[in-house]
Number of protein chains: 2
Amino acid sequence: MAETTLDKIVSLCKRRGFIFQSSEIYGGLSGAWDYGPLGVELKNNIRDFWWKEMTQMHDNIVGLDASILMHPKVWEASGHVSNFTDPMVDCRQCRSRFRADQIDLTKPCPNCGTKDSFTEPRNFNLMFSTHMGPVQDDSSVVYLRPETAQGIYADFKNVVQSSRVKIPFGIAQVGKSFRNEITTKNFIFRSCEFEQMEMQYFCKPGEDEKWFDFWKEQRMAFYEKMGINSENLRWHQHGEDELAFYAKDAYDIQFRFPMGWQELEGVHNRTDYDLTQHQQFSGKDLTYLDQETKERYIPYVVETSAGLTRNVLMVLSDAYEEEKLEGNEVRTVMHLHPKIAPVTVAVLPLVKKDGIAEFAQKLEKELREDFATFYDQSGAIGRRYRRMDEIGTPYCITVDYQTLEDKTVTVRYRDSMEQERIQISLLSSHLNKTTKLYKRG
Amino acid sequence: MAETTLDKIVSLCKRRGFIFQSSEIYGGLSGAWDYGPLGVELKNNIRDFWWKEMTQMHDNIVGLDASILMHPKVWEASGHVSNFTDPMVDCRQCRSRFRADQIDLTKPCPNCGTKDSFTEPRNFNLMFSTHMGPVQDDSSVVYLRPETAQGIYADFKNVVQSSRVKIPFGIAQVGKSFRNEITTKNFIFRSCEFEQMEMQYFCKPGEDEKWFDFWKEQRMAFYEKMGINSENLRWHQHGEDELAFYAKDAYDIQFRFPMGWQELEGVHNRTDYDLTQHQQFSGKDLTYLDQETKERYIPYVVETSAGLTRNVLMVLSDAYEEEKLEGNEVRTVMHLHPKIAPVTVAVLPLVKKDGIAEFAQKLEKELREDFATFYDQSGAIGRRYRRMDEIGTPYCITVDYQTLEDKTVTVRYRDSMEQERIQISLLSSHLNKTTKLYKRG
């Protein structure tokens, strides 16, 4: 099997409308990406799959959508204002700025070649800041959130009071975060604007280790449910040098990206650190009262923190295959799980004439209510199948002369390329059942 | 019927977990709001309803998710850098700043009372700006987008090249936008951070009026499909004084909010203005080639631009009722369409004992896969019904002694408060059918 390189993914994404560079007609904006017609559907499907698994399927997890702009004190309490920094040096000669840990400070400036020209390293905060209100001064500074988690902590009390949740319970959130990363790279893997899917699980101190283990298991199972190859997934435990000072334990789920093993999601035991900080900085009581035992405490938090945009890259990398067929032909196929594929059902008339195109169009229209459909009548049928393989469409429905006679269609399966005839009246339930039972072929 | 005031909506939203003030424990951040457990589900459901209606149900509309941070030239081309401003004056005495069109400049300063203290009005740009990269100077300024539409224009060429769309076609997008509004008010109606649902429909010049009429009709029908009272909706045509200089025609859909008739959505004929601007500023060819007629032109655009967060306020205002029952009892009920209600099905055991709670829990678990469910066993059954009425849950399923005998449950309908017994095996299909046929009672 041919190697899946990042370049191949990037090229397919642009060509087929998954992902474009932001503002490309203006030369692009580094670190920002646009999700095109297929990319936005894929991203939404992953988002919805996560949301359903986390909220709808758990009776003790509720959702939240906190604002991106928050009170600046939130980021003082969380430690981001003082600690969320990279060390930077300037070249005194040419004024270029570099990350101190990414260049050799004893060598000449990589830009102008001057030796001994660097300033002392200074800490550069990764939060984007802006001003709210008509006056631009220190008092009006607000930040674009660098993570969604703090919105959950800030709303902890409101959620407890309005939702009658009882510990243990979780709050889940999907949304954009922003980091002024100087070295964005690897396509959408590390960008300045990205999306997170985070869940904070509030539990009783002492029960945190049990729930930590529970969520480790749940989160890994999630990716297998989404059809990801388990040999491309592994655990990485944070060592002493990686562990945040307040964290009790932390594991990352790593995925084998085209550029190597990299973090996909973190499962962290954050203890009572965040709520304690917010209690102190806000002066508000953030303890929880157990109605049955009458105990009052600040809950421990087990966090599951995944990148949605990073999930998109994982799914594409994992699904991509250049498959060798008979006669040395190569087909590019994306083995996307039918639940997250941008197009679920393609409807293809074998020929345009004799009312076959009209029949197929009518069928496509009927299927729209229940499936993400695509109608394509141009080109040879084999070519049309290949176009659908390349974007990961699991089912191609072909309408032919026999259809007009007996109301059956051909269902062609992406992974196996096998075909079978199905009665149109049974089509929807057949596709739904096949999706439920899907195993990557 | 009691009047629906904004205060009642705000209060219900906080109490039941629809909407909280952002960063409330820190005194709040003006102009930003958090969507709580029920609010986020309601907002997501409206978003998904719009997305499905616009993309999945139209074979010539594709989706897009452009980044919030874009190249600053985008906003020069669009005119936002020079024209998206409010006139502001400062008081020379106390340094307070005011919108020039909202105070009487001939009177004393509203803050310190000094007369003749105002500076000349200066234009204040409503875009939030920040700096990207390590250096904070003019060359690194980027803006938070004040509208999603420009992302669609910037990607027009990429979409045409990658998606084989043919004119007429549309590009739809949902996402956050940001405006540094000095006077945020009316709850979530006007805020600094908000969500839009915009669709740009690209058509041939000369056919724009036809499509303008088509989209006017479609968009009004959308709100009726969502169950909004048609007497609370009306059209407002932009007069000469309101119409943007490049616009050929513009209508707003207005909704009767608790504070009066206000804009909910705009349907605008933007001509070829935006693409022409971007072609000029980017130097890239943004014309469209009609493959059949070989004509080449810059398409006209019919835009449908709705506020998602404003839709949330509309839906809540429209659904809210304080209904007088027999014996002068008042019930607060939200007549949300079952398709968008945060909870679709509540499962309530009549009593906790004799295995009834366990049976109900099992049933709730079975329904989770297909419905947004909620389990509640605490308090009298009448009180539990009322709690569900208040958050707009259309169906309450009650498990009682008879259920254990004959596997039937009571389905209680929110609007009519009528009940009927249904076989559990038929429950899902019954609820789906009822939702499809739903008319506000």
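Quick note on labels: first sequence line is chain A, next is B, and so on, each numbered from 1.
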Handout entry: Derivation and outcome, side-chain contact (heavy atoms from CB on, under 4.5 Å), residues A:M57 and B:E369
Key = CA-CA 7 Å; A:M57 300 305 284; B:E369 177 66 33; 3.4 Å; yes
Handout entry: side-chain contact (heavy atoms from CB on, under 4.5 Å) between A:D59 and B:R368, intermediate numbers included
Key = CA-CA 9 Å; A:D59 61 359; B:R368 265 184 216 170; 3.4 Å; yes
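Proximity to chain A is limited to the side chain of B:K284, based on heavy atoms less than 4.5 angstrom apart. Heavy atoms closer than 4.5 Å to chain A are found in the side chain of B:R47, but not in its backbone. Heavy-atom distances place the backbone of B:D370, and not its side chain, under 4.5 Å from chain A. Both the backbone and the side chain of B:K14 come within less than 4.5 Å of a heavy atom in chain A. When heavy atoms are compared at a cutoff of 4.5 Å, B:N125 does not approach chain A at all. Using a 4.5 Å cut-off between heavy atoms, B:E193 contacts chain A through its side chain alone, with no backbone atom that close. With a 4.5 Å cut-off on non-hydrogen atoms, B:S30 touches chain A through its backbone but not through its side chain. The part of B:M88 that comes within reach of chain A is its side chain, from C-beta onward, which places non-hydrogen atoms under 4.5 angstrom from that chain.
The CG atom of A:L144 lies 9.5 Å from the CZ atom of B:F128; values are rounded to the nearest 0.5 Å.
The greatest number of non-hydrogen atom pairs below 4.5 Å with chain B, out of A:N44, A:V62, A:N180, A:V165, is found for A:N180. The residue among B:Y375, B:F374, B:F371 with the most heavy atom pairs within less than 4.5 Å of chain A is B:F371.
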